[in-house]
Amino acid sequence: MSLKIYNSISSQKETFTPLVEGRAGMYVCGPTVYSDVHIGNVRTFVSFDMIYRYLLYLGYKVRYVRNITDVGHLEGDVDTGAEDKISKKARLEQVEPMEVVQRYTLGFHHVMRLFNTLDPSIEPRATGHILEQIEMVQKIMDKGYAYEVDGSVYFDTVKLIKEADVYGKLSGRKVEDLLVETRELKKQNEKRNPADFAIWIKAEENHLLRWNAPWSEGFPGWHLECSVMSTKYLGERFDIHGGGNDLKFPHHENEIAQHYGACGNTPANYWLHTNMLLMNGRKMSKSEGNFITPEQLFSGESEHISKAYSPMAVKFFFLQAHYGSTLDLNDASLGAAEKGYRRLLEAYNTLNQLSSEIPRSDKPLAIEIEEGIKAAFEEMDDDFNVPKSLARLFEMCATINKMADGQLDVNDAGQYSLDIAKKGFKNLLIDIYGLSDESAAGTDDHMNQLDGLMKLVIDMRQQARQNKDWPTSDKIRDTLAAIDIELKDGKEGTKWVIGK
RNA sequence: GGUCGGGUGGCCGAGUGGCUAGGCUCAGCUCUGCAAAAGCUGCUACAGCGGUUCGAAUCCGCUCCCGACCUCCA
């Protein structure tokens, strides 16, 4: 079976065929670092992290580029005096724009690390590529797809629409509508047509971020940095371009336009878009109070949740829905995900304890295990369907627990299928989904010491239980529970696990 | 208003023509000093109304509702 990807530009699942065999280039629109990272934003990057990891698992040599936008992203309406987001924040807080950039870039990285995502191969910044952006503007002008008005340069969308059938494809926009748009032209408007957009903007007197360019002292338009950096690091044509659904228009559509204007072709073969994270069925909105930050999720300090959730529980919650679907974040669902995640993780740990005296079995149990794992991987090939893949693993949890309980005979499974299961769980859970066992945090030395200590405590409790000294045995259990160590009595003795 | 995507059991969430998704919750049972854990069993849904079909959650039409985008947004 081969990997199939839902391509936004064709609205169809397509077999993934990289431009260069064995290699994959992926560009994902990163955050604009003007404030703390949005939890919805995190979902998008967790999704692409999973996609990156799966491509790596499949053996592709992947170059994963995710940018940091630190200039050019405007707030408000360009025509009526918009302000750069970074600039505005810097002005409000009376700091250097680069201080704003530094603070929120570090914050973003910190949250990404908590969610156990891999770093991209390259994480370029817009301000580090001003020269290239100026060059691209020039290139677009040379090809006749842009015009200058009083120091600002605009992309001639109308010309592109007339000459090439590339604009509007991604967002499903009808170009006729764009051409006849009757939006009122506001004062100061320099564009020939409302569909045109700025690629170089002349800086006003008080604008903090500015660079010298042939047209004016100014700054690049939003959209441009992605075109420049994707082209620079992945080439004029590359495999995958990703981002949030809300970037389809105008951001990605304009990227395609610029890229065509400069290079004469469209940039990416496959466009992937993640869907929005909702909260309590509605769009997250700061102004409406329908909002929660990653920190609040981890601390539990929010009116929207009843308790704290660990980063992995939240990540698991994300993974239970397909990246292309909207997902509703709420307290009950987070709680359900947390429990499910723990159960899965415990089954994984249980699995790793299992072994068989039979090297290889051909009994139904062995076949069931081998096919279950195979199915879990096949779901991944179907447009990274993690929810279905997880469902296959959950189905195996019961089998694992029964083997551990002696209700099923491990020798009917045989070592070979057990090894396949162990490897499969490890590959999926740890390598591909990017989950980590938070209870296993700490150094190996500490874990060994803790483990020895727990063996002693469990042994003492066992003694008390044999003596029917219930107060003592319950005190041990309850005291441990109070510090989040749970004891689980089973047929094979008592196990312990850290967690609430 | 325009464009696109959705409405699935108590909750979340997969699923595009026939076969049990899965998780959580809940109930009963087994195990157990009690509890938890673990296991077993049960809970059969697809917004509404028409239509196509031997057969539809899945295709078509209409209605209602929700979300996203429409140059701030992952």
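We use all heavy atoms of the structure for the numbers below, so side chains are in, but hydrogens, waters and symmetry mates are not. Here is the naming used below: chain letters follow the sequence lines, and residue numbers restart at 1 for every chain.
- A/Ser306 is linked by a side-chain hydrogen bond (donor to acceptor under 3.5 Å, both in side chains) to A/Asp331, counting only residues two or more places apart in sequence or in another chain.
- Using a cutoff of 4.0 Å between basic side-chain nitrogens and carboxylate oxygens, A/Glu253 and A/Lys248 are not scored as salt-bridged.
- In terms of position along RNA chain B, the nucleotide closest to A/Phe316 lies nearer the 5' end than the nucleotide closest to the other residue of the pair A/Phe316 and A/Ser473.
- Listed by chain and residue number, A/Glu123 satisfy the side-chain hydrogen bond (donor to acceptor under 3.5 Å, both in side chains) test with A/Arg66 (two or more places apart in sequence, or in another chain).
- Look at A/Lys307 and A/Glu338 and you find a salt bridge, because one of the NZ, NE, NH1 or NH2 atoms lies within 4.0 Å of a carboxylate O, short of that distance.
- Among the heavy atoms of the strands lying under 4.0 Å from A/Gly40 is at least one base atom, whether or not backbone atoms are also near.
- Look at the P atom in both B/U53 and B/U58: the space between them is 16 Å, to the nearest Å.
- If you check B/A74, B/C12, B/A36 against the side chain of A/Asp328, the one that comes closest is B/C12.
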Which is it for A/Phe155 and A/Tyr147 under the ring-ring contact (aromatic ring centres under 6.0 Å, His included) test, yes or no, and what are the steps along the way? CA-CA 7 Å; A/Phe155 188 86; A/Tyr147 55 90; 9.3 Å; no
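- Counting only residues at least two apart or on different chains, the ring-ring contact (aromatic ring centres under 6.0 Å, His included) pairs with a member in residues 336-355 of chain A are A/Phe316-A/Tyr341.
- For the C1' atoms, the distance linking B/U52 with B/A27 amounts to 42 Å, nearest Å.
- Contact annotation for A/Ser333: backbone-only contact, meaning every heavy-atom pair under 4.0 Å involves sugar-phosphate atoms and none involves a base.
- Nucleotides B/C31 and B/A74 have their C1' atoms positioned 49 Å apart, rounded to a whole Å.
- Ring centers of A/Tyr270 and A/His241: at least 6.0 Å apart, outside the cut-off.
- Of the candidate nucleotides B/G33, B/C11, B/A37, B/C11 has the atom nearest to the side chain of A/Ala332.
- B/C46 and B/G9 have their C1' atoms separated by 8 Å, given to the nearest Å.
- Under the 4.0 Å criterion applied to side-chain N and carboxylate O atoms, A/Arg342 and A/Glu346 are assigned as salt-bridge partners.
- Across B/G67, B/C12, B/G33, the shortest atom-to-atom separation from the side chain of A/Leu278 is found for B/G67.
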Check nucleotides 14-16 of chain B against the protein and report each pair of N or O atoms closer than 3.5 Å, with its distance, or say if there are none.
{"from": "B/A14", "atom 1": "OP1", "to": "A/His322", "atom 2": "N", "distance (Å)": "2.9"}
{"from": "B/A14", "atom 1": "OP1", "to": "A/Ser325", "atom 2": "OG", "distance (Å)": "3.0"}
{"from": "B/G15", "atom 1": "OP1", "to": "A/Asn385", "atom 2": "ND2", "distance (Å)": "3.2"}

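- Judged by atom type and distance alone, A/Asp474 reaches the base of B/G33 through a side-chain donor-acceptor pair under 3.5 Å.
- Rounding to whole angstrom units, CZ of residue A/Phe249 and C1' of B/C70 are separated by 7 Å.
- Salt bridge status for A/Arg477 with A/Asp474: present, with a side-chain N to carboxylate O gap under 4.0 Å.
- For A/Asp36, the side-chain hydrogen bond (donor to acceptor under 3.5 Å, both in side chains) test picks out no residue, with sequence neighbours left out.
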Let me check I have this right: for RNA chain B, each base becomes ., (, ), [, ] or |, based on Watson-Crick or G-U pairs with both distances under 3.5 Å. What is the full string? ((((((((.[[[..)..(...]]].(((((.......)))))....[[[[[..)....]]]]])))))))....
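- When A/Gln133, A/Gln258, A/His259 are each tested for a side chain to side chain donor-acceptor pair (under 3.5 Å) with A/Ser227, only one passes: A/Gln258.
- For A/Arg343, there are no salt bridge (Lys or Arg N to Asp or Glu O under 4.0 Å) partners, not counting sequence neighbours.
- Distance check on atom C1': B/A56 versus B/G15 gives 13 Å, rounded to whole Å.
- Contact annotation for A/Leu327: backbone-only contact, meaning every heavy-atom pair under 4.0 Å involves sugar-phosphate atoms and none involves a base.
- Contact annotation: side chain of A/Arg477 to base of B/A35, donor-acceptor pair present below 3.5 Å.
- Put simply, CG on A/Asp484 is 18 Å from P on B/A36, counting in whole angstrom units.
- Applying the salt bridge (Lys or Arg N to Asp or Glu O under 4.0 Å) rule to A/Asp451 yields the partners A/Lys455; only residues at least two apart in sequence or on another chain are considered.
- Taking atom CD of A/Glu486 as the reference point, atom C1' of B/A37 lies 7 Å away to the nearest angstrom.
- Spacing of P atoms, B/U8 relative to B/A21, comes out at 16 Å, to the nearest Å.
- Residues A/Phe317 and A/Asp196 both approach RNA chain B. Their nearest nucleotides, taken by heavy-atom distance, put A/Phe317 toward the 5′ side.
- Residue A/Arg343 has a polar side-chain atom (N or O) positioned under 4.0 Å from OP1 or OP2 of B/C24.
- For the pair A/Leu247 CG and B/C70 P, the computed distance is 10 Å after rounding to whole Å.
- For the pair A/His273 NE2 and B/A74 P, the computed distance is 12 Å after rounding to whole Å.
- Atoms CG (A/Leu487) and C1' (B/A38) sit 15 Å apart, rounded to a whole Å.
- The six-membered or imidazole ring of A/His38 lies near that of A/Phe291, with a centre-to-centre distance under 6.0 Å.
- With sequence neighbours excluded, the residues satisfying side chain to side chain contact (heavy atoms under 4.5 Å, CB included) with A/Val457 are A/Ile476, A/Leu480.
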Identify each atom pair where a protein N or O and an N or O of nucleotides 25-27 of chain B are less than 3.5 Å apart, giving names and distance.
{"from": "B/U25", "atom 1": "OP1", "to": "A/Lys339", "atom 2": "NZ", "distance (Å)": "2.8"}

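- Checking B/A38, B/U32, B/U71 against every side-chain atom of A/Arg465, the shortest atom distance belongs to B/U32.
- The nearest whole Å value for the distance from the NE2 atom in A/His223 to the P atom in B/A74 is 12 Å.
- At a non-hydrogen distance threshold of 4.0 Å, A/Asn401, A/Lys402, A/Asp405, A/Gln407 from residues 400-411 of chain A come into contact with RNA chain B.
- With sequence neighbours excluded, the residues that form a side-chain hydrogen bond (donor to acceptor under 3.5 Å, both in side chains) with A/Thr494 are A/Asp489.
- Judged by distance alone, with hydrogens and angles left aside, the side-chain atoms of A/Arg43 form a donor-acceptor pair with the main-chain N or O of A/Met276 at under 3.5 Å.
- B/U32 and B/C43: their P atoms are spaced 28 Å apart (whole Å).
- Nucleic acid contact for A/Glu253: none, since no nucleic acid atom lies under 4.0 Å from a heavy atom of the residue.
- A stacking contact links A/Trp470 to B/G33: the aromatic ring centre lies within less than 5.5 Å of the base's six-membered ring centre, and the planes differ by less than 30°.
- Comparing B/C69, B/C40, B/C34 by their nearest atom to the side chain of A/Ala398 picks out B/C40.
- The same atom, C1', is picked in B/C69 and in B/G50; the two are 32 Å apart, to the nearest Å.
- In this structure, of B/G33, B/A21, B/A74, it is B/A21 that holds the atom nearest to the side chain of A/Arg392.
- Computed from coordinates, the A/His252 NE2 to B/A68 P distance equals 19 Å when rounded to whole Å.
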